[in-house]
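Have a look at the structure below before the remarks.
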Amino acid sequence: MDIPRIFTVAESRHRIHNPISAQKLAELGESLALQPGMRMLDLGSGSGELLCTWARDYGIFGRGVDLCKLFTEQARQRAKELGVEDRVEFLHADAAGFVEEDTVDVAACLGATWIGGGATGTLALLRRSLKPGGILLIGEPYWHRPPTEEEARGCGCSASDFTTLPELLRSFLDLGCDVVGMVLASPDDWDRYEARKWIALRR
Ligand code: SAH
């Protein structure tokens with residue numbers, strides 16, 4: 001059970017498998033006012049950078065679930081490196097339908113919302129693991145300008161796969177969630193994320 005090998009190879013050198021810098025990831029954690037002892041769930045946790053660094057910096061406890069064996073091993077390794085292996089746990093499993101028995105303070109899915117069938121479905125899935133008043137974190141692409149079908153095909157998707165940012169935020173409000181923070185990927189973040197795949201694929 002694993003993700004298609006092309007993704008594992010292309011992103012074998014990524015610590016963060018998303019167009020977000022280490023600095024922005026830290027800023028995001030900082031903006032959530034995390035307290036020591038808080039519990040967190042991360043679906044599609046990749047190589048574990050979010051949970052490991054936030055466990056180190058804020059003393060949270062976390063569980064990550066990811067379908068990629070290599071990324072999960074890298075996450076466990078990273079936890080050891082940062083000395084937080086007693087606070088974070090990484091499961092190699094399909095996260096579709098995954099719900100925590102003990103509800104958590106923060107439930108996240110960054111750049112893997114197909115796990116719940118899209119941003120809205122993933123929000124509903126994460127909510128099942130969330131304490132009342134807890135925080136949901138969703139990482140999702142959006143269009144700066146809705147593309148033609150042909151342009152979207154050039155990005156390997158369909159125009160209807162994503163919405164604009166105002167529409168995305170509106171969909172969260174429509175589900176009864178308040179939007180309390182936002183960190184946006186810049187063109188630089190996208191370039192770094194994409195270009196890092198090239199050397200991995202070449203090697
Ligand atoms: N959130 C991480 C990883 C994002 S990349 C980060 O920001 O670094 C998307 C991740 O989703 C990959 O690690 C991939 O292995 C994982 N994934 C894809 N399908 C999945 C599934 N059904 N269940 C769990 N993880 C999945």
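Any value given below was found using the heavy atoms of this structure, including those in side chains, with hydrogens, waters and symmetry copies removed. For ligands, and for the atoms within them, numbers begin at 1 and follow the listed sequence.
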ask   = Do Ser186 and Asp189 get their side chains close enough for a donor-acceptor pair, meaning under 3.5 Å?
value = yes
request  = Report yes or no: do Ser47 and Gln74 form a side-chain donor-acceptor pair below 3.5 Å?
outcome  = yes
Using residues 82-90 as the side-chain source, report each donor-acceptor pair under 3.5 Å to any protein atom, sequence neighbours left out, with the distance given to one decimal.
unit_1, atom_1, unit_2, atom_2, d
Arg87, NH1, Ala55, O, 2.6
Glu89, OE1, Arg63, NH1, 2.7

key: ring-ring contact (aromatic ring centres under 6.0 Å, His included) partners of Phe172, counting only residues at least two apart   = none
key: Residues Arg78, Glu81: salt bridge by 4.0 Å N-O rule   = yes
Taking only distance into account, with no hydrogens and no angle test, what donor-acceptor pairs under 3.5 Å do side-chain atoms of residues 103-114 form with protein atoms, sequence neighbours excluded?
unit_1, atom_1, unit_2, atom_2, d
Asp105, OD1, Lys131, NZ, 3.1
Asp105, OD2, Arg39, N, 2.6
Thr113, OG1, Glu140, OE1, 2.6

Contact table, ligand 1 N/O with protein N/O, distance under 3.5 Å:
unit_1, atom_1, unit_2, atom_2, d
ligand 1, 1 (N), Gly44, O, 2.7
ligand 1, 1 (N), Leu110, O, 3.0
ligand 1, 7 (O), Asn18, ND2, 2.7
ligand 1, 8 (O), His17, N, 2.9
ligand 1, 13 (O), Asp66, OD1, 3.3
ligand 1, 13 (O), Asp66, OD2, 2.7
ligand 1, 15 (O), Asp66, OD1, 2.6
ligand 1, 19 (N), Trp114, NE1, 3.1
ligand 1, 22 (N), Asp94, OD1, 2.8
ligand 1, 23 (N), Asp94, OD1, 3.4
ligand 1, 23 (N), Ala95, N, 2.8
ligand 1, 25 (N), Leu67, N, 3.1

